[in-house]
Structure formats: C-alpha cells, structure tokens
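One structure follows; several queries about it will come next.
In what follows, every heavy atom counts, from backbone to side chain, and hydrogens, waters and symmetry copies are set aside.
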Amino acid sequence: MSPAPLVMRIMASSIAIGNQAGKIIRDIMSAGELGIVDKGSDDLQTEADRSAQRCILASLSNQFPNVRIIGEEGTSDLVNVPSDWIVTDLDQEFLKNKCPDSLTNINEQDLVIWVDPLDGTSEYTQGILESVTVLIGLSVQNKAVGGIIHQPYYKRSSDEFGRTIWGLKGLGSSGYETKPHVQGELIATTTRSHSNELVQSALRAIEPTKVIRVGGAGYKVLQLLEGDAHAYVFASGGCKKWDTCAPEAVLEADGGMLTDILGNHYQYGNDVAFPNKMGVIATAKNVEHMSIINKIPDDVKEKLSK
Ligand code: AMP
Ligand code: MG
Ligand code: MG
C-alpha cells in the first residue's frame with residue numbers, strides 16, 4: 001500500500017506528539033521546578049514550554065526533515081533530546097480517514113508547521129491548568145488548514161488525563177462534543193491576563209450577555225467548539241501565528257471562523273511576521289461572523305492598525 005499523503009501523515013504524527021508533549025507538561029508541573037523566565041513584559045516561559053517544544057520539534061523534524069517548522073520558543077537544542085521524547089508513531093485511527101482531494105498532492109515547500117508547545121503559560125504558572133493546551137498547526141500555501149489542540153489536564157477518568165482534538169479543512173474535526181447554544185445569548189470569551197482599554201472597548205461594543213475571561217487562544221477556541229461561548233474577542237496585537245494557526249484550522253474545519261478584527265484571514269506562510277497585529281475575532285459555527293466584526297468600533301480598528 002502506498003503511504004498516506006504528506007498532509008495526513010503530518011496530522012497523524014501531530015496527534016501522537018501532542019500526547020507526549022502533554023505528558024512532559026504534567027511531569028514538569030508534578031516535579032515542581034518550573035524554571036520561569038520572562039521573555040518580555042507579561043510573556044512567560046517555563047521549563048515545560050522549552051521541553052515540550054524540544055519534544056515536538058525533534059519528533060516532527062525527524063519524520064519531516066524538509067518541512068519548515070516554527071516554534072514559539074525559537075531555536076531549541078534538538079541534539080540532546082531524550083530518546084523517549086522522540087515520537088515516531090502515527091495515529092492509526094486518524095489515518096483511516098480519506099485525505100481531502102485538494103490536499104493529496106501538496107509539496108513540502110508549500111507547508112509550514114506552527115508550534116505553540118504550551119499555550120496559556122501565565123495560567124500554567126498559577127495552577128489554572130484547564131486553560132493549558134499544546135498547539136500544532138499546519139499551513140498549506142499560506143492558509144491555516146489543519147491542526148491539533150491537545151489539552152493535557154482534561155480529566156478522562158479519575159487517573160487519566162489529556163485529550164487531543166484535531167481538525168482538517170475538507171475532512172472535519174474530532175475529539176469533543178458541542179452543546180447547543182441558548183437562544184438570545186451572546187457569550188464572549190477573552191483574555192484573562194493580557195487585557196487593556198482597546199480589548200475592553202471592543203468587548204463592550206459587541207454587547208455580550210456574558211463575558212468569560214480565560215487564558216490561552218487554544219482554550220478559548222475550545223470553548224467555541226464545545227458551545228460554551230459564541231465569540232472570542234481580542235482587539236490586541238498580542239497573539240502570534242503559533243497561537244492561532246491550529247485553533248483557526250480546527251475551528252474552521254468545524255464550521256466556525258477565525259479572522260482579524262476587520263474580518264480578514266491571517267497568512268501563515270514562511271515569511272510572515274509573527275504578531276497577529278490586527279487582533280483576533282473567532283466565532284462558533286452558527287454564529288454570523290460578520291455581525292460581530294461589524295460591531296467593532298472604527299476607532300478600535302484605527303488604533304490597532306497604527
Ligand atoms: P491570552 O488570551 O491572554 O491567554 O493570550 C493568548 C495567547 O496570546 C497566549 O499565548 C499569550 O501569551 C499571547 N498573548 C496575548 N497577548 C499578549 C501580550 N500582550 N504579550 C505577550 N503575549 C500575549
Ligand atoms: Mg500561546
Ligand atoms: Mg506558548
């Protein structure tokens with residue numbers, strides 16, 4: 001049998017890697033030595049971010065040596081990675097799916113893998129662990145097309161933790177259940193630790209019936225996928241491409257949408273700038289995306305574009 005198409009193998013590998021990265025994140029928390037460094041203002045990195053990135057980058061580059069991989073934590077030491085961190089299996093359940101026709105013949109040069117080894121670091125250091133996710137996003141010809149969101153602290157049973165959600169455009173998404181929205185509600189989810197006046201101004205303008213403040217771009221998109229919120233509203237340039245590539249792909253594979261505050265999709269090619277300068281608006285399926293975009297005040301749009 002011929003091997004599965006490259007895009008399918010990267011997805012199947014990412015699903016397997018997410019579990020190992022999640023285990024590393026839990027093990028470091030249990031050991032209690034977080035090794036916190038501040039990379040800027042309000043931009044923390046821990047030993048879990050560094051180690052999970054080494055696991056993910058070493059595993060992906062081992063299997064896909066010619067694919068460009070960009071990780072949040074920059075260049076990592078991939079030479080001395082413990083051998084049990086290098087994941088070589090592919091998720092066989094995923095490989096039972098048929099590759100969407102448009103993705104069967106994609107060249108390595110057309111791909112970029114965006115890695116956020118630990119999204120929600122600020123919450124991780126404070127023990128708010130459900131917000132923590134591992135994000136591996138796949139862009140094809142500049143567009144966010146596939147990805148996984150692994151949630152290391154999702155409780156599967158009394159002593160089993162972790163779940164992996166995946167999505168691939170043209171195929172669909174898997175790993176969660178969606179509750180129906182309540183008529184008349186508009187629940188907005190937004191940052192817990194990176195708010196400012198513009199973020200607040202945009203939130204007020206969409207007139208939500210409720211605002212939830214939680215950490216992590218991955219976790220907020222999970223809330224949209226599960227029906228716990230209608231819109232993720234963040235009028236700030238603080239999120240980066242690794243924060244949104246996987247969440248955008250999974251959400252859009254599910255029928256939702258993730259764009260900047262003008263309604264434009266971000267580009268995820270090799271040479272793009274990392275910051276999502278024009279903010280993030282994401283909506284669950286069955287929510288009219290443009291109805292949220294249209295409520296964002298012009299002065300917020302202008303201030304963010306400066
Ligand atoms: P939050 O919703 O605050 O958890 O942010 C989602 C993602 O974007 C996390 O990875 C944050 O670290 C990142 N982020 C958002 N705003 C900022 C900021 N002002 N500075 C640094 N990182 C940010
Ligand atoms: Mg992040
Ligand atoms: Mg991170």
Side-chain angles (χ1 to χ4, degrees), residues 1-24 52-72 75-76 78-79 81-117 133-152 162-176 218 241-242 245-254 267-272:
M1 215 174 77
S2 58
L6 179 60
V7 164
M8 296 299 277
R9 282 184 285 126
I10 293 174
M11 287 291 299
S13 169
S14 300
I15 293 169
I17 294 168
N19 290 325
Q20 178 62 40
K23 182 177 182 307
I24 292 170
Q53 167 148 317
R54 289 172 68 214
C55 157
I56 298 166
L57 265 52
S59 302
L60 286 171
S61 58
N62 180 45
Q63 293 199 55
F64 310 104
N66 300 317
V67 175
R68 178 84 198 280
I69 307 165
I70 302 173
E72 172 173 8
T75 48
S76 296
L78 301 184
V79 178
V81 177
S83 59
D84 59 328
W85 288 10
I86 301 184
V87 178
T88 54
D89 17 303
L90 304 181
D91 187 83
Q92 293 302 318
E93 268 309 301
F94 179 80
L95 288 178
K96 290 178 185 164
N97 293 293
K98 184 178 176 300
C99 184
D101 289 341
S102 59
L103 298 174
T104 49
N105 275 315
I106 302 296
N107 296 322
E108 288 165 334
Q109 312 85 269
D110 291 329
L111 301 178
V112 180
I113 305 176
W114 291 93
V115 176
D116 187 341
T133 60
V134 176
L135 305 175
I136 306 176
L138 177 60
S139 94
V140 177
Q141 290 157 354
N142 286 319
K143 295 182 176 57
V145 159
I148 68 115
I149 302 174
H150 175 80
Q151 196 180 21
R163 67 167 167 175
T164 302
I165 281 123
W166 60 257
L168 182 64
K169 285 201 191 171
L171 177 59
S173 56
S174 171
Y176 56 92
K241 294 293 174 303
W242 44 76
C245 184
E248 176 178 329
V250 177
L251 183 66
E252 298 203 349
D254 180 68
Q267 302 284 302
Y268 293 91
N270 235 322
D271 47 10
V272 296

task: Kindly determine whether N19 and V87 satisfy side-chain contact (heavy atoms from CB on, under 4.5 Å), including the steps that lead there.
output: CA-CA 10 Å; N19 290 325; V87 178; over 6 Å; no
- line: The reported gap from CD in Q109 to CD1 in I106 (rounded to nearest 0.5 angstrom) is 11.0 Å
- request: Please examine the side chains of Y176 and D254, heavy atoms only from C-beta on, and report whether any two atoms are closer than 4.5 Å.
  value: yes
query: Closest approach of S139 and G269, non-hydrogen atoms and distance?
result: OG-N, 4.4 Å
- prompt: Under 4.5 Å between any side-chain heavy atoms of L138 and V145, yes or no?
  reply: no
- request: Decide whether N62 and T88 meet the rule of one side-chain donor and one side-chain acceptor closer than 3.5 Å.
  value: no
field: Atom pair CZ (R9) and CG (D91), whose distance is rounded to the nearest 0.5 Å
entry: 15.0 Å
task: Ignoring hydrogens and angles, tell me if any N or O in the side chain of E72 forms a donor-acceptor pair with the backbone of V115 under 3.5 Å.
output: no
message: As an exercise, state the distance from OH of Y268 to CG of N142, rounded to the nearest 0.5 Å.
response: 11.0 Å
message: Can you confirm whether more than 12 heavy atoms, excluding those of N105, are under 6.0 Å from its CG atom?
response: no
field: Polar side-chain atom of E252 near backbone of P247 as donor-acceptor pair, under 3.5 Å
entry: no
Sub-4.5 Å side-chain heavy-atom contact between V67 and L60: no
task: Please assess L251 against E248 for the test side-chain contact (heavy atoms from CB on, under 4.5 Å), listing each intermediate value before the final yes or no.
output: CA-CA 5 Å; L251 183 66; E248 176 178 329; 6.0 Å; no
query: Could you state the interatomic distance from CD (Q53) to CD1 (I24), rounded to the nearest 0.5 Å?
result: 11.5 Å
field: Pairwise side-chain contact, L90 with L95, heavy-atom cut-off 4.5 Å (strictly under)
entry: yes
- prompt: Within the distance-only criterion (no hydrogens, no angle test), does the side chain of S61 pair as donor or acceptor with the backbone N or O of L57 below 3.5 angstrom?
  reply: yes
V112 backbone acceptor or donor facing R68 side chain under 3.5 Å: no
statement: Note: I165 and G175 closest approach over all heavy atoms is CG1-O, 3.5 Å
field: Expected output: side-chain S59 to main-chain I56 donor-acceptor under 3.5 Å
entry: no
Nearest atoms (heavy-atom pairs only) where C55 meets A21: SG-N, 4.1 Å
message: The test is side chain to side chain donor-acceptor pair (under 3.5 Å); show your working for Q151 and T133 and say whether it passes.
response: CA-CA 5 Å; Q151 196 180 21; T133 60; over 6 Å; no
message: Parallel, tilted or perpendicular, judged at 30° and 60°: which one describes the rings of W242 and W114?
response: tilted
task: Please confirm whether the backbone N or O of G162 pairs with a side-chain atom of H150, one donor and one acceptor, at under 3.5 Å?
output: no
message: side-chain contact (heavy atoms from CB on, under 4.5 Å), that's the test. Do I70 and K241 meet it? Break it down for me.
response: CA-CA 9 Å; I70 302 173; K241 294 293 174 303; over 6 Å; no
query: Taking atom CD1 of I15 and atom OG1 of T164, what is their separation to the nearest 0.5 Å?
result: 7.5 Å
- line: Separation between OG (S173) and CD1 (I149), nearest 0.5 Å, reads 9.5 Å
- prompt: Does the side chain of M8 come within less than 4.5 Å of N97's, by heavy atoms?
  reply: yes
field: G170 to P100 - nearest heavy-atom pair and separation
entry: C-CG, 3.8 Å
message: Between M11 and F94, is there a side-chain heavy-atom distance shorter than 4.5 Å?
response: yes
- line: Closest non-hydrogen atoms of A249 and G147, given as atom of the first, atom of the second and distance, are CB-N, 4.1 Å
Chi angles and distances behind the side-chain contact (heavy atoms from CB on, under 4.5 Å) call for W166, L171: CA-CA 10 Å; W166 60 257; L171 177 59; 3.9 Å; yes
field: Where V250 and I148 come nearest, the two heavy atoms and their spacing
entry: CG2-N, 4.5 Å
